[in-house]
Trainee: 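One structure follows; several queries about it will come next.
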Amino acid sequence: MNILQIQSLDVGYNSKTVLQDINLAVTAGQFISVIAPNGTGKSTLLKAIAGILKPMSGTICLHDKALTNYSRRELAQQIAVVGSEVTMQEYTALQMVLMGRFPHIPRFSGPTPHDHTIVQTAMEEAGVWDKRLQSCSELSQGERQKIIIARALAQQPKLLLLDEPTAHLDVSNQFSILHLIKKLALNKDMAVIAVMHDINLALQFSTDLLFLKKGRILAYGNCRDVATSYNLRQLYDMDFTLHSDAAATYVRPNIME
C-alpha cells in the first residue's frame with residue numbers, strides 16, 4: 001500500500017499557481033530526491049505534502065486518507081519535517097529531541113519511560129546520544145542537523161520530508177547525514193522525500209529521483225532511468241556527460257572554457 005498518493009495536484013500562493021498536475025505515489029523504503037532549478041516549487045511541494053499549504057485542486061492522501069481529514073496532531077504523528085535552517089534556542093540536545101514525542105503525549109501529561117526510550121534510540125541512530133547533555137548552541141552545524149533528524153525520528157513518522165538536508169555542511173557531514181537518511185528509509189518502514197541541489201549526491205544515496213521543471217513533473221522514477229542525458233538537458237538547459245559503472249552513476253556538466 002502507498003504511504004503517499006498525490007493526484008492532479010495544483011498548488012500555489014494566493015492566485016498564483018506554482019505546481020500543476022502533480023501525480024505521485026510513494027511507498028515505504030523509497031528515498032526520493034527532488035531536483036529542480038531554483039524557484040521551481042521544490043519547497044512548495046514539501047509544504048503541500050506536510051499539510052502546511054492547502055491545494056488549489058487535486059488530492060493528497062496519506063495511507064489512503066485525505067490529508068484534509070487529519071488533525072494537526074495526527075499529521076505530526078505520521079509526517080516529520082526537517083528544514084534547511086537549523087535554529088535552536090538554549091535547549092540541551094536531549095530536550096530538543098524529546099520535543100519530537102509531543103504529538104504522541106496526551107494533553108496535560110508528561111513523557112513516559114517509553115518516550116524516553118524512543119528518544120534515546122533516535123539519538124543513538126543519529127550518532128548524537130553522547131551529546132545529549134550539551135547545549136545545542138555548543139554543537140557544530142553537522143551535529144545540530146543530526147539532532148534535528150533525531151527529533152524527527154522520535155516522532156516515529158511514516159514519511160520524512162527534508163528541505164536541503166545537507167545545506168551548509170562540509171563534505172564529511174553531507175555523506176554522514178545522507179547515509180543515515182538512506183538507512184532509515186530502508187530499515188524503518190518509512191519513506192523519505194528530500195529536496196536536493198547536488199545531483200551527484202542524490203544519485204549516490206537516493207532510490208528515486210523527481211525532476212521538476214516549470215511547475216510540472218519532468219520525470220520520476222528509478223535514479224538510473226531518470227538521470228539520462230536527455231532529461232538533464234531538459235531540466236537545466238545544458239548538456240551533461242554521464243559516467244556509470246556497476247557501483248555508481250554520476251554526471252558532469254559540459255561547460256565550454
Side-chain angles (χ1 to χ4, degrees), residues 1-13 17-36 40-84 100 103-104 122 148-149 151-165 177-178 180-196 202 205-213 215-223 225-227:
M1 183 177 72
N2 293 326
I3 290 178
L4 180 72
Q5 182 79 44
I6 300 176
Q7 293 182 317
S8 305
L9 177 70
D10 290 357
V11 65
Y13 303 93
T17 303
V18 176
L19 295 172
Q20 293 180 301
D21 195 28
I22 302 298
N23 294 279
L24 186 66
V26 180
T27 59
Q30 283 187 280
F31 178 176
I32 302 166
S33 285
V34 182
I35 307 289
T40 311
K42 301 183 295 295
S43 296
T44 298
L45 177 62
L46 292 194
K47 289 178 182 178
I49 295 172
I52 299 169
L53 193 59
K54 186 177 179 180
M56 294 174 167
S57 62
T59 59
I60 304 175
C61 291
L62 187 68
H63 301 300
D64 292 330
K65 178 181 174 181
L67 218 61
T68 51
N69 291 332
Y70 285 86
S71 68
R72 294 305 307 172
R73 185 182 183 86
E74 289 171 333
L75 275 182
Q77 293 173 354
Q78 297 288 330
I79 301 175
V81 182
V82 175
S84 58
H104 299 275
I148 294 299
I149 290 175
R151 185 179 67 179
L153 293 181
Q155 287 179 236
Q156 295 185 306
K158 290 301 181 184
L159 182 61
L160 178 60
L161 306 177
L162 303 110
D163 195 350
E164 300 181 44
I177 292 291
L178 291 175
L180 169 64
I181 293 168
K182 182 176 183 178
K183 183 175 70 173
L184 294 172
L186 294 176
N187 299 331
K188 286 288 186 179
D189 192 30
M190 63 186 287
V192 175
I193 302 177
V195 168
M196 300 277 284
F205 290 98
S206 309
T207 62
D208 300 89
L209 296 176
L210 173 65
F211 284 179
L212 290 175
K213 181 70 179 287
R216 296 179 180 271
I217 293 179
L218 175 67
Y220 171 57
N222 177 273
C223 287
D225 293 336
V226 170

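Nothing fancy with the numbering, it's 1 onward along the sequence.
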Trainee: Could you pull out the closest heavy-atom pair between V82 and A152, with the gap in Å?
Mentor: CG2-CB, 3.9 Å
Trainee: Measure from the side-chain N and O atoms of Q30 to the backbone N and O of T207, and report whether any donor-acceptor pair falls under 3.5 Å.
Mentor: no
Trainee: Look only at the side chain of Q77 and the backbone of P103, and say whether a donor-acceptor pair between them is shorter than 3.5 Å.
Mentor: yes
Trainee: Pick out which of I49, V11, N23, L19 makes a side-chain contact (heavy atoms from CB on, under 4.5 Å) with I6.
Mentor: I49
Trainee: Roughly how far apart are N69 CG and L75 CG, rounded to 0.5 Å?
Mentor: 10.0 Å
Trainee: Distance from I193 atom CD1 to L210 atom CG, nearest 0.5 Å?
Mentor: 8.0 Å
Trainee: What is the minimum heavy-atom distance between K42 and I35, and which atoms define it?
Mentor: CD-C, 4.3 Å
Trainee: For the OG atom of S43 and the CG atom of L161, what is their distance to the nearest 0.5 Å?
Mentor: 11.0 Å
Trainee: Apply side chain to side chain contact (heavy atoms under 4.5 Å, CB included) to the pair D21 and R216, showing each step before the final yes or no.
Mentor: CA-CA 7 Å; D21 195 28; R216 296 179 180 271; 3.7 Å; yes
Trainee: What closest approach, in Å, do L209 and A227 show between heavy atoms, and which atom pair accounts for it?
Mentor: CD1-CB, 4.0 Å
Trainee: Shortest non-hydrogen contact from Y13 to M56?
Mentor: N-CE, 4.0 Å
Trainee: If you take all heavy atoms of P157 and M190, which pair is closest and at what distance?
Mentor: O-CB, 3.9 Å
Trainee: Between A154 and A122, which heavy-atom pair has the shortest distance, and what is it?
Mentor: N-CB, 4.0 Å
Trainee: Not counting sequence neighbours, which residues clear salt bridge (charged side-chain N to carboxylate O under 4.0 Å, His left out) with K213? List them please.
Mentor: D237
Trainee: Rounded to the nearest 0.5 Å, how far does SG of C223 lie from CZ of F31?
Mentor: 9.0 Å
Trainee: Is there a side-chain contact between I217 and L212, using heavy atoms and a 4.5 Å cut-off?
Mentor: yes
Trainee: With a 3.5 Å distance limit and no angle check, can you tell me whether Y220 reaches the backbone of D208 through a side-chain donor-acceptor pair?
Mentor: no
Trainee: Distance-only, no hydrogens or angles: does the R72 side chain make a donor-acceptor pair with backbone N or O of G51 under 3.5 Å?
Mentor: yes
Trainee: Taking atom NZ of K54 as the centre, report whether more than 12 heavy atoms of other residues, nucleotides or ligands fall under 6.0 Å from it.
Mentor: no
Trainee: Determine whether the side chains of Q78 and H63 contain a donor N or O and an acceptor N or O closer than 3.5 Å.
Mentor: yes
Trainee: Under a 3.5 Å threshold, yes or no: a donor from one side chain and an acceptor from the other, between D10 and T17?
Mentor: no
Trainee: Of all residues at least two apart in sequence or in a different chain, which pass the salt bridge (charged side-chain N to carboxylate O under 4.0 Å, His left out) check with K182?
Mentor: none
Trainee: Return the CD1 to CG distance between I79 and L62, rounded to the nearest 0.5 Å.
Mentor: 5.0 Å
Trainee: Are any of the side-chain heavy atoms of L46 and V81 separated by less than 4.5 Å?
Mentor: no
Trainee: What's the spacing between I60 CD1 and L4 CG if we round to 0.5 Å?
Mentor: 7.0 Å
